[in-house]
Each structure stands twice: as structure tokens, then as C-alpha cells.
Amino acid sequence: MRITQGCFSFLPDLDDVQITAQIEYCLDKEWAIGVEFTYDPHPRNTYWEMWGNPMFDLRDAKGVMMELDECRKAHPDAYIRINAFDDERGIESVKMSFIVNRPAEEPKIHMQRTDFVDRAQKYAWDVRY
Amino acid sequence: MTQESETGHPATVDLAAEYEASGVGEVMRELDEALIGLAPVKQRIRETAALLLVDKARRDMGLAQDTPTLHMSFTGNPGTGKTTVARMMSGLLHRLGYVRKGHLVTVTRDDLVGQYIGHTAPKTKEVLKKAMGGVLFIDEAYYLYKPDNERDYGQEAIEILLQVMENNRDDLVVIMAGYADKMDKFFSANPGFRSRIAHHIDFPDYTDEELLKIAKSMLDHQNYGLDEAAAKALAEYITLRRRQPHFANARSIRNALDRARLRQANRLFSEAKGPLDAAALSTICEPDIRASRVFKGGLDVDRAARPQAAE
């Protein structure tokens, strides 16, 4: 099942030229870029693994693309996303986040029903490869 | 869209128009006006600019495909304007479209080489990422290589640099700077660099007259002036200072002027009896310069270290 999280996830996957253009946009706004990856794309899994430190003071998207290439090489079957962090006072949070790498075969999100007291039903979801 | 022939390339090119339109003319004029002396350097830069302009026109016409190698080495004594020229060079390359952003990242060995195993590669890469799209200026580049210590981490930084200089020629330009003799040794020990650096530019020392001109323009920028006797004293100062150790061309002059301003302020403060006018506040007089230690037989080594550390 196609995982849809962050910006552009209902669009076809971005190619490298498009990713570069998006990063240029972020750098223009002086946002810091971070590369993160995970093998657990559950929507509740907010914190993905960081690939290196977030990159402050970059001027050109090429620096991010180099990191992204290395992350892809090391984790070709992981979900990789790019986060753009705005440090402006009063915002201080991620302003843009988009997926840039997916495994060839995406996992399913499986729903589990459980009976509960008084015939109530409880629902849970987990990611299954 | 501009007019194009059937192949999608422009059929003719007007170099003079291209020269002005790209803003190269502006940079060259700035170079001529802002820098005193340095005739051979200006000549080399003019040649390089012409080459790059023609090369760009050729690529627009589809006659050439590759990005030319643009990495450079600047050799010369301290204070001869290497960093200033590097900054102009980055502007020039940006205007010609050889680097995308045109910023200058200045680093030395400390910014590239780590202190323990596994520290160097991330540190070097961090710097390279920041320099992407611009110019990386490595000052005192020969310090990267320390032949007497085979476990020195500098070698690791050199290997990463070489790799990026080769693979990311479109993304950044590396300029290495340092003293001529030490850079020669550095290049002969690391032949990889020599073959990847296309432009070697040598910065000559300034003559006494040029240094005096530089001093005057420095003061001009700060709205100061010399009276006649002070100008004569400064000319003598330059001749004497050159013979003493740790002479760093324009940088020594800048430090000398900073100290002269200090003495001027002190003199005004202790001598002034009435109100001072603008001319008095902005004129440096003979005693301000004559009080320098240079006139008293010079500096010994640790005294000389102080003005350098203070810059």
C-alpha cells in the first residue's frame, strides 16, 4: 500500500531534479534541511532515524543531494524523507516534509479488531511487510 | 527564448555584448579599481575571464560539452591580496555561470582535519557541503599535508578533496592558497592536486610605492588622512618595516595604521585644550607614525607576534 505522508505524497514520486528544486526553495527561505529514514512508516512513528546532523548554512541543494545519495546507498529499502526546519522565532518547527525514497515493495497497514468489555470493539493498526 | 538555429543552438555570438551582459566587465573594473598593483595577477584573471567567456559561448553553440577545470592555486606571501582576489573570482565565476551561487567559503586546516579517527571525513564533508555552488578557499593549504607524521589525518581530508574536485566539478571550485615554496612542495608530494588544478596564479610582493598607495586608500575608506610629514614618515616606515621579520605586505600596513590611529586618539585626548574640528579628528600626524617601534630598531619576535595576533 502506498504510504502517504507529508507534502506531495499523493503525486507520483519526485525525481532528483524535482527534489533539488524543492530543496532550493527551502534553502531560499533559509530553512535547515534534515534527512531522515525509517523502516517503520506507521503514521504514529513520528521520529525517524536521523541521517547525520541537520544541515544549517547550506547555500546550494547539491550538499543535501550528496547526503541523500549516501543515505539511499546505505538504505535502499527504507523510507527516506527530507525535513525543512524553520528556526524563526515563534515557529521553530518543521515547515515542510516530503518522502524522497520508498522501498520497491511497500508494506501493508494491517488493522486488528479486538473484542472488549460489553461487546465493544477496539481497533489497532500495525505495519506489516 | 532567444533566436536559435535549427539545432537549438545560437548561430552567432557577440562577445562584447556577452561580456557586458554577464556582468564580467563590472567585476573586471572593480578588480582594476579596488586593487592597487598586482599587474600580473590582473593580467591572468583577465585571460582566465576571456577563456571562460569564450568557453561559455562555445558550450552555448554546442561546440564543447565538458565543464573546464577551474580549480586554482594562488601563491604568494602573506598580505598580497589572495583572499580579496578569491572573493572577486567567486563573483566572476558566478556571473559567467560556472558556479550556481557564487559564495566564498574560507577554510584552513583546522576546519577540514579532525582530531581523532573518524572525525576528519564528516568534518571535511560538512565544509564541502557548505561550499557547494560556490568557491572553497583553502588558506595555507600546504598544512593539510604533514609528511613527518604518517598517521596524520590530513591525508584523509586530501583524499576526500581530490575526489570531490574530480566528481563535482560542476558544483564547486576549489582555490588553494599559500606561500609559493611551500605550495610547490605540497603539490610535488600530492601530484593529484597538480593535475586537477588548471590555473596557477602567483601574487608578487607589493613595492613600497604601492604599499603607500594602499595605506592612503585604506585611510580614505575610514575618512582619515595623512598630513605631509606623516606621509613621508609612513614611506620611511614601509622601507624599514620590510626589512624586519614577519612582514606581511598590506596586512602589516593595516596593522600599522590601526596603531597609528590609536596613538592619534591618545594624542588628541591628552593634548587637546579646546574643541576639535573634523580635520583634527581625521588627520594622522607625523608623531603618530614616528612613535612606532619600527623606527627604534625594530621588533623582536615576540613583540612582532602581538600585532599579528591582534588582527
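The basis for the numbers below is simple: all heavy atoms, side chains too, and nothing from hydrogens, waters or symmetry mates. These numbers were taken from a predicted model, which means no experiment stands behind them. Numbers restart at 1 for each chain; the letters A, B, ... are given by sequence-line order, proteins then strands.
Here the straight-line distance linking atom CG of N53(A) with atom CD of E126(B) works out to 7.0 Å at 0.5 Å rounding. Between the NZ atom of K129(B) and the CD1 atom of I33(A) there is a distance of 11.5 Å, given to the nearest 0.5 Å.
Residues M132(B) and L58(A) are not in side-chain contact: their nearest non-hydrogen atoms beyond the backbone lie 4.5 Å or more apart. Residues R59(A) and K130(B) are not in side-chain contact: their nearest non-hydrogen atoms beyond the backbone lie 4.5 Å or more apart.
Counted within 6.0 Å of CD on E26(B), heavy atoms from surrounding residues, nucleotides or ligands total 12 or fewer; the atom is thus considered open. In this structure, L63(B) places its CG atom where more than 12 heavy-atom neighbours from other residues, nucleotides or ligands lie under 6.0 Å away. Counting non-hydrogen atoms of neighbouring residues, nucleotides and ligands closer than 6.0 angstrom, the CZ atom of F116(A) reaches no more than 12 such neighbours. Summarising the local packing, CZ of R44(A) is surrounded by 12 or fewer heavy atoms from other residues, nucleotides or ligands at distances under 6.0 Å. Enclosure of atom CD in E30(A) is not indicated, since only 12 or fewer non-hydrogen atoms of other residues, nucleotides or ligands lie within 6.0 angstrom.
The shortest heavy-atom contact between K62(A) and N168(B) is CE-ND2, 3.3 Å.
Interface residue M55(A): only side-chain heavy atoms are found under 4.5 Å from chain B.
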